[in-house]
Amino acid sequence: MSERKTRVRFAPSPTGPLHMGGVRTALYNYLFAKQRGGDFILRIEDTDSQRFVPGAEQYIIESLRWCGIFPDEGVNEDGTIPEVPSEKHPHAPYRQSQRRSIYRKYAEQLVENGYAYYAFDTAEELAELRKEKEAAKETFTYNWETRGQLRNSLTLPEEEWKKKIETETGWTIRFKMPENRIVKMDDLIRGHIEVNTNTLDDKVLWKSADQLPTYHLANIVDDHLMEITEVIRGEEWLPSLPLHYMLYEAFGWQETQPRFAHLSLLLKPDGKGKLSKRDGDRLGFPVFPLKWVSPEGEISRGYREDGYLPEAFVNILALLGWNPGTEQEIFRLEELVDVFSLDRVVKSGAKFNPEKAKWFNAEYLRMMSGEALAAEFGKELAERGIDAEPEYVAKVCELMKNRAHFITDFWGLTHYFFQAPAEYDQTVVAKFWKDEVPQMVAQAKDYVMSLEPYTKESLEEGLHSLIVNNGWPMGKVMNSLRLSLVGINNGPGVADIIWLIGRDEFAARIDRALATL
RNA sequence: GGUCCCAUCGUCUAACCGGUCUAGGACACCACCCUUUCAAGGUGGAAAUCGGGGUUCGAGUCCCCGUGGGAUCACCA
């Protein structure tokens, strides 16, 4: 058992876009598998035909790809989901809706062995019972106490219920939760947990509505069939862990039962509760990896479209609920594979901090070369109709990258390297453009134009000594030069700007400022 | 409400099996330095063990009780 190959799965339900918490779950699964040389499998849990959302499945796959997470099984090279078994995808199909024939016999096996039973109560009847109990301030539970008074294969004569399951469709199969047993469980990050079965209920395993298994049945059967060794999933599943343990026992699969690890939830940055789409809209940050347009046309922003680098996004997620135990915070995916460990996953929920997320992105931006940045920023320049040499764009990016958090910040920060300022900031004009200034600026221009040799260094030093030697006020002159060149009073050094835009453009901009101001 | 999980700076977190803990780091914040401006960078600062009992020579670390937060109680996953 211990020498089984590590196999983990990410099993999302295609009911909408994948939440960043979901991506984190997928990431942890992936890291765990890769570190142990195991397999990471993607399985689509679409047993709820009511909630199926078109496009969600592709969204999930694309999100993982963007993050650099490629499943070993369950997704073809072209991003489609394998429907027939092959060498690489031996357990196909990987979509539960296409595996319905598999589950039926397992459900029946449970009934035959006395671990489950057919139930004929309609949803309305049960709703009515719940209402009655609620009125008496009690809760109705379908369990060992009540199943004897309800309509099921335990209480009805055999001929009657057998006839019913053959002729009718309104029946379900329920798990027969044993009475008064202590379920002893172990969680990889939470330790030992015990629950008395009396507090549990007879969960539906087979749904009458669409003749499909519920999550619980399909999940256990598939994890068993796909030889999953560890189940790493969200904390919301912890309450159903006892049921899952009981199911493994009922099937007699305890020997190969996977180990479980329940991850704490991602919480909203302010206030209380788990992170939701609403929080993103309200506080102005994405909660989804990619932009999503719902079938109704509702748009949700994505990290990718908001300008986050996938490496930064992965890094952010990795450190939300896990830490390396060292003071290192910047990790690329490959590095995470080496250092990740479930032992260091934090038990408590993590409030998402959008400010720190921005910082991570800025860090990754600074690590990029000017050329790489230019390749990205060049696209936006082209859209804006700016025709600039890639080498020039690269130099601009290199000079300006430590001022940006996102590539989308670049235009606002660098536009004056591509076009002369359309206007001059009036408060800056008022502050620096005093009476004596224009002639100093004009002199500075003449100086620069006749500077020999003209190098970046000579420009820098020459400009400086010109001002000092003439006894001019440094701040006033420099800021006036900058104002003339870029229209505002912040940005890189004046010499850097001149050097990049070139002497001719410099002269033109100075002349224009002298003429207008 | 029942059941289960969780609890260190504002936030993410560190502190291996209880002992240099003056409780460390990062984001954000503040100050200073660098500087022609704005960033970046450097230095420093403010900032936390939820409360109460125990166990122990010694508790952030173990136990109990409170309190707070979260999850879950569907023919949804």
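In what follows, chains carry the letters A, B, and so on, assigned in the order in which the sequence lines appear, proteins first and then strands, with residues in each chain numbered from 1.
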What nucleotide among B/A77, B/A14, B/A71 has an atom nearest to a side-chain atom of A/Thr47? B/A77
Classify A/Asn489 by what it touches in the nucleic acid, base, sugar-phosphate, or nothing, heavy-atom distance under 4.0 Å. base
May I have the distance from A/Lys133 (atom NZ) to B/G2 (atom P), rounded to whole angstrom? 16 Å
Identified ring-ring contact (aromatic ring centres under 6.0 Å, His included) partner of A/Phe285 from the options A/Phe313, A/Phe406, A/Phe352: A/Phe352
Under 3.5 Å on both distances, the Watson-Crick or G-U partner of B/U43: B/A31
Counterpart residues, side-chain contact (heavy atoms from CB on, under 4.5 Å), relative to A/Ala119 (two or more places apart): A/Tyr117, A/Asp121, A/Tyr142, A/Asn152, A/Thr172, A/Arg174
Protein-nucleic acid N or O pairs under 3.5 Å, nucleotides 32-36 of chain B:
{"residue": "B/U36", "atom": "OP1", "partner": "A/His464", "partner atom": "NE2", "Å": "3.3"}
{"residue": "B/U36", "atom": "O2'", "partner": "A/Asn479", "partner atom": "ND2", "Å": "3.2"}
{"residue": "B/U36", "atom": "O2", "partner": "A/Arg482", "partner atom": "NH1", "Å": "3.2"}
{"residue": "B/U36", "atom": "O2", "partner": "A/Arg482", "partner atom": "NH2", "Å": "3.0"}

Rounded to whole angstrom units, what separation is found between the CD atom of A/Glu138 and the P atom of B/U3? 15 Å
Should A/Asp201 and A/Thr141 be marked as a side-chain hydrogen bond (donor to acceptor under 3.5 Å, both in side chains) after you check the CA-CA gap, both sets of side-chain angles, and the distance that decides it? CA-CA 6 Å; A/Asp201 65 338; A/Thr141 312; over 6 Å; no
Let me know which of A/Asp48, A/Asn219, A/Asp46, A/Asp222 forms a side-chain hydrogen bond (donor to acceptor under 3.5 Å, both in side chains) with A/Gln96. A/Asp222
How is A/Val346 classified with respect to the nucleic acid when contacts are heavy atoms under 4.0 Å: base, sugar-phosphate, or nothing? sugar-phosphate
Rounding to an integer number of Å, can you tell me how far A/Asn323 CG sits from B/G24 P? 17 Å
Inter-nucleotide C1' distance (B/C17, B/C62), Å rounded: 12 Å
Taking only residues at least two apart or on different chains, which pairs with a member in residues 233-246 of chain A satisfy salt bridge (Lys or Arg N to Asp or Glu O under 4.0 Å)? A/Arg190-A/Glu235
Rounded distance in Å - NZ (A/Lys351) to P (B/G10): 10 Å
P spacing across the pair B/C30 / B/G68, given as an integer number of angstrom: 35 Å
Against A/Ile510, only a single residue in A/Leu481, A/Asp446, A/Val448, A/Ile498 fulfils side-chain contact (heavy atoms from CB on, under 4.5 Å); can you say which? A/Leu481
A/Lys164 NZ/CZ over A/Tyr118 ring centroid, <6.0 Å and within 45° of normal: no
Does one side chain, of A/Glu436 or A/Trp472, offer a donor that lies under 3.5 Å from an acceptor on the other? no
Given that both distances must come in under 3.5 Å, which nucleotide forms a Watson-Crick or G-U wobble pair with B/U56? none
Paired to B/G1 by Watson-Crick or G-U wobble criteria (both distances under 3.5 Å) is B/C73
Does a side-chain N or O from A/Arg51 land closer than 4.0 Å to OP1 or OP2 of B/A77, or not? no
Looking only at side-chain N and O atoms, does A/Asn361 offer a donor or acceptor that is under 3.5 Å from a partner on A/Tyr303? no
Are any protein N/O atoms closer than 3.5 Å to N/O atoms in nucleotides 4-9 of chain B? If there are, list each pair with its distance.
{"residue": "B/C5", "atom": "O2'", "partner": "A/Arg190", "partner atom": "NH1", "Å": "2.3"}
{"residue": "B/C5", "atom": "O2'", "partner": "A/Glu235", "partner atom": "OE2", "Å": "3.2"}

As its Watson-Crick or G-U partner within any shown strand, both distances under 3.5 Å, B/A7 has B/U67
Looking across every strand, which nucleic acid part, if any, lies under 4.0 Å from A/Lys274 by heavy atom: base, sugar-phosphate, or nothing? sugar-phosphate
When rounded to whole Å, the CG to C1' distance for the pair A/Asn198 and B/C73 reads 15 Å
Using 30° and 60° as the class boundaries, would you call the ring planes of A/His244 and A/Trp237 parallel, tilted or perpendicular? tilted
Choosing from B/C75, B/A77, B/U13, which nucleotide comes nearest the side chain of A/Trp237? B/A77
Separation of atom CG in A/Leu463 from atom C1' in B/U37, rounded to whole Å: 14 Å
Nearest to the side chain of A/Asn402, heavy atoms from C-beta on, is which of B/A77, B/C75, B/A39? B/A39
Centroid-to-centroid, A/Trp322 to A/Tyr28, below 6.0 Å? no
Enumerate all atom pairs, one protein N or O and one N or O from nucleotides 26-30 of chain B, separated by less than 3.5 Å.
{"residue": "B/A26", "atom": "O4'", "partner": "A/Glu329", "partner atom": "OE1", "Å": "3.0"}
{"residue": "B/A26", "atom": "O2'", "partner": "A/Glu329", "partner atom": "OE1", "Å": "2.5"}
{"residue": "B/A26", "atom": "O2'", "partner": "A/Lys356", "partner atom": "NZ", "Å": "2.8"}
{"residue": "B/A26", "atom": "N3", "partner": "A/Lys356", "partner atom": "NZ", "Å": "3.1"}
{"residue": "B/C27", "atom": "O2'", "partner": "A/Lys356", "partner atom": "N", "Å": "3.4"}

Result for side-chain contact (heavy atoms from CB on, under 4.5 Å) between A/Pro12 and one of A/Thr25, A/Leu64, A/Leu42, A/Val23 points to A/Leu42
Who pairs with B/A48 - Watson-Crick or G-U, where each distance is under 3.5 Å: none
d(OH, A/Tyr416; C1', B/A39) in whole Å: 10 Å
Tell me which one of A/Ile488, A/Asn489, A/Leu517 satisfies side-chain contact (heavy atoms from CB on, under 4.5 Å) with A/Leu483. A/Leu517
Any idea which of B/A77, B/A74, B/A14 is nearest the A/Arg130 side chain? B/A74
May I have the distance from A/Leu266 (atom CG) to B/U13 (atom P), rounded to whole angstrom? 9 Å
Touch class at under 4.0 angstrom, heavy-atom based, for A/Ala350 against every strand present: sugar-phosphate
Contact class for A/Thr139 vs. all strands (heavy atom < 4.0 Å): base, sugar-phosphate, or nothing? nothing
Contacts of A/Trp292 that satisfy ring pair (Phe, Tyr, Trp, His ring centres under 6.0 Å) - sequence neighbours left out: A/Tyr59
